[in-house]
Amino acid sequence: MKKNYGLARQLILSIVIIILILSGLTEWIGYREFTSVLEKQYNDTAYEVAETARNYLNPDKFEEYLETGETDKEYDRIQGLLDELVISSECNFIYVAKIDETDYMTTTYIYDSVNPKTGFGRYPFGYESKDTDPKYVEDLKHILTTGGRAQQYLYSYTESGAHTTAGLGVKNSEGTVVAVIGVEKSMDVLENARSTYVRHVAMLSLVIIALVLVLYTLYLNRTLIQPIREIALEAGRFAENHHEIKKLRAIHRKYEIGLLARSVHKMEIDLNHYIDNLTKVTAEKERISTELNVATQIQADMLPSIFPAFPERKEFDIYATMNPAKEVGGDFYDFFLIDEDHLAMVMADVSGKGVPAALFMVIAKTLIKNRAQMGGGPSEILGYVNNQLCEGNESGMFVTVWLAILEISTGKGVAANAGHEHPAICRADGIYELVVYRHSLAVAAMEGMRFREHTFELHPGDSLYVYTDGVAEATNAGEELFGTDRMLRALNRNPKADVTELLQTVKEEIDVFVNTAPQFDDITMMCLKYYGKEGNPNAGIEN
């Protein structure tokens with residue numbers, strides 16, 4: 001209920017603001033136009049007075065008056081006419097002056113008539129003023145050049161009121177501009193007229209706002225607020241008991257309110273169906289979740305997870321981890337003794353993720369282990385597994401595999417890399433470095449493939465690190481990859497650490513780099529540390 005009233009207040013407030021803005025703009029524009037019209041009328045009147053005063057003058061005698069400093073009866077007669085004109089026209093000043101054209105800053109008064117109402121005295125004949133406002137210089141130049149009017153209206157608003165000034169050139173009988181005649185007229189009516197205009201427009205705006213608010217409120221309540229209130233009450237009632245009522249069908253509106261009412265009514269119907277379906281889906285989801293948990297456990301149980309893996313063997317130590325991106329993953333690792341002197345190591349990554357990848361992983365892992373225990377080199381083993389996986393592989397899935405067989409007594413090994421990541425080796429007196437060589441195609445990519453083999457040799461104190469692409473391709477929120485360079489830096493923080501600590505260090509570095517970004521791929525790693533026949537010199541020593 002409060003929300004509906006709040007909506008009404010917001011809508012009414014918005015229309016009030018809009019009306020006030022429009023009224024303000026209208027009043028401001030009208031005020032400017034009204035002022036402009038009155039100013040022009042006053043200015044035109046001032047120019048009419050200036051034209052009349054100019055007809056009284058005898059410009060041919062100005063130079064004589066100024067040179068001798070003496071006036072005559074004609075001068076006195078003209079001065080009298082100007083004095084009468086300044087009073088009858090209700091102007092403030094009428095003056096005729098010569099302008100010094102060297103800087104246009106010096107004015108020499110020839111005639112000066114002052115309206116007694118202003119309280120000012122006249123400048124005497126020949127008075128020089130050097131305080132011409134610089135902003136009038138361009139107008140003076142124009143008047144003296146053309147003999148016509150000033151280029152712009154001249155207005156001033158001071159404490160004594162508003163004024164407008166007219167300026168005309170005075171030409172002698174030869175057509176030369178010899179002086180300027182100026183007329184200043186008070187714009188007495190302007191201030192009162194503008195105040196009256198503003199007051200009337202403001203009162204009219206308030207009346208319009210009040211009338212619009214009353215009508216708009218009644219209309220708003222009938223067509224919007226009341227229907228919304230009914231829809232809100234019905235939605236609240238439905239939220240409590242989920243029983244459909246056909247009350248909303250009574251709201252027959254052609255615009256959005258009617259559409260909203262029909263949509264809410266349809267939502268009630270659909271929601272009831274959805275609740276029924278959700279109950280069934282939830283039960284099914286719980287069943288699937290339970291099965292996925294079982295699948296996750298089965299997958300985890302398939303990977304070697306008891307460490308140390310071969311506590312009776314002192315020649316080497318091995319450790320591996322797998323962190324799936326989903327409940328079940330496509331990565332897998334494996335290590336097992338083929339016989340007493342040969343250790344098989346597998347690191348693999350199935351294309352895709354989730355349940356399909358996990359099923360393909362189970363098959364691939366089983367085939368690799370079973371075939372390896374029958375004997376043969378990595379190339380022979382992967383060739384057999386490849387042909388088996390290609391049969392009926394309509395989904396086109398494949399698996400990248402790094403498979404190595406290590407002769408424990410000598411440290412000599414043979415590896416085959418079927419499209420997998422390059423391993424890293426750390427010599428006893430060195431640091432981890434990638435071992436880069438050409439790959440073969442991934443297993444199950446094409447039937448009948450042959451896989452290249454590469455020999456390697458480990459010496460006491462050497463370590464071998466293998467991983468899936470989830471390590472190098474771990475991505476942070478900025479879409480930046482962890483990369484093999486960061487991986488090597490993580491490995492080389494403490495390259496002589498034991499296998500467990502080494503993998504923990506790399507995983508910590510990945511977690512810090514990725515931060516809160518989601519994990520998109522499985523992260524699987526395995527590390528073997530080779531000690532040779534002498535065994536681990538630190539075995540049995542407690543930290």
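Computed over heavy atoms, backbone and side chain alike; hydrogens, waters and symmetry mates excluded.
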Does anything in residues 359-382 pair up under side chain to side chain donor-acceptor pair (under 3.5 Å), and if so which pairs, sequence neighbours excluded? D334-K365, R371-E380

Any idea which heavy atoms bring [X] and [Y] closest together, and the distance?
| X | Y | answer |
| --- | --- | --- |
| G448 | N387 | N-OD1, 2.9 Å |
| P495 | C426 | CB-SG, 4.0 Å |
| A416 | L382 | CB-CD1, 3.8 Å |
| D522 | A325 | OD1-N, 2.6 Å |
| R450 | S440 | O-OG, 4.4 Å |
| V514 | A474 | CG2-CB, 3.9 Å |

Is a donor on one side and an acceptor on the other found under 3.5 Å between the side chain of [X] and the backbone of [Y]?
| X | Y | value |
| --- | --- | --- |
| N386 | A444 | yes |
| H439 | H420 | yes |
| S351 | F398 | yes |
| D462 | A428 | yes |
| D498 | L502 | no |

Do [X] and [Y] have side chains that get closer than 4.5 Å, going by heavy atoms?
| X | Y | result |
| --- | --- | --- |
| M345 | W402 | yes |
| M526 | Y465 | no |
| I405 | I381 | yes |
| F451 | M449 | yes |
| L367 | L389 | yes |
| V362 | M302 | yes |
| I510 | I523 | yes |
| V414 | L406 | no |

Within a radius of less than 6.0 Å around [atom1] of [X], do more than 12 heavy atoms belonging to other residues, nucleotides or ligands occur?
| X | atom1 | result |
| --- | --- | --- |
| I306 | CD1 | no |
| E312 | CD | yes |
| K496 | NZ | yes |
| F310 | CZ | yes |
| R427 | CZ | yes |

Measure the [atom1]-[atom2] distance between [X] and [Y] for me, rounded to the nearest 0.5 Å.
| X | Y | atom1 | atom2 | result |
| --- | --- | --- | --- | --- |
| R313 | N536 | CZ | CG | 14.0 Å |
| L528 | S463 | CG | OG | 7.5 Å |
| R489 | I431 | CZ | CD1 | 11.5 Å |
| E407 | E457 | CD | CD | 10.0 Å |
| C527 | L503 | SG | CG | 5.5 Å |
| L481 | T475 | CG | OG1 | 4.5 Å |

Consider only side-chain N and O atoms of D349 and T400, and report whether a donor and an acceptor are under 3.5 Å apart. no

Between the side chains of D339 and H342, is a donor N or O closer than 3.5 angstrom to an acceptor N or O? yes

Fit a plane to each ring of F335 and Y333, take the angle between them on a 0 to 90° scale, and name the class: parallel (under 30°), tilted (30 to 60°) or perpendicular (over 60°). parallel

Does the side chain to side chain contact (heavy atoms under 4.5 Å, CB included) test come out yes or no for I425 and Y432, once each step is laid out? CA-CA 5 Å; I425 288 182; Y432 280 94; 6.0 Å; no

Kindly determine whether F482 and M487 satisfy side chain to side chain contact (heavy atoms under 4.5 Å, CB included), including the steps that lead there. CA-CA 7 Å; F482 185 69; M487 180 190 75; 3.9 Å; yes

Using the side chain to side chain contact (heavy atoms under 4.5 Å, CB included) rule, take T505 and L491 through it: C-alpha gap first, then chi angles, then the decisive distance, then the call. CA-CA 7 Å; T505 299; L491 290 169; over 6 Å; no

Applying salt bridge (charged side-chain N to carboxylate O under 4.0 Å, His left out) to K314 and E534, what does each step give before you reach the verdict? CA-CA 8 Å; K314 306 302 180 182; E534 301 299 326; over 6 Å; no

Taking only residues two or more places apart in sequence, or in another chain, which ones meet V436 in a side-chain contact (heavy atoms from CB on, under 4.5 Å)? H422, L434

Residues R486 and E480 bridged, charged N to O under 4.0 Å: yes

Does Y530 have its ring centroid less than 6.0 Å away from the ring centroid of F316? no

Can you list every pair that meets salt bridge (Lys or Arg N to Asp or Glu O under 4.0 Å) and has a residue in residues 205-219, with sequence neighbours left out? none

Decide side chain to side chain contact (heavy atoms under 4.5 Å, CB included) for T524 and M347; before the verdict, give the C-alpha distance in whole Å, the side-chain angles of both, and the deciding distance to 0.1 Å. CA-CA 8 Å; T524 307; M347 179 62 64; 3.6 Å; yes

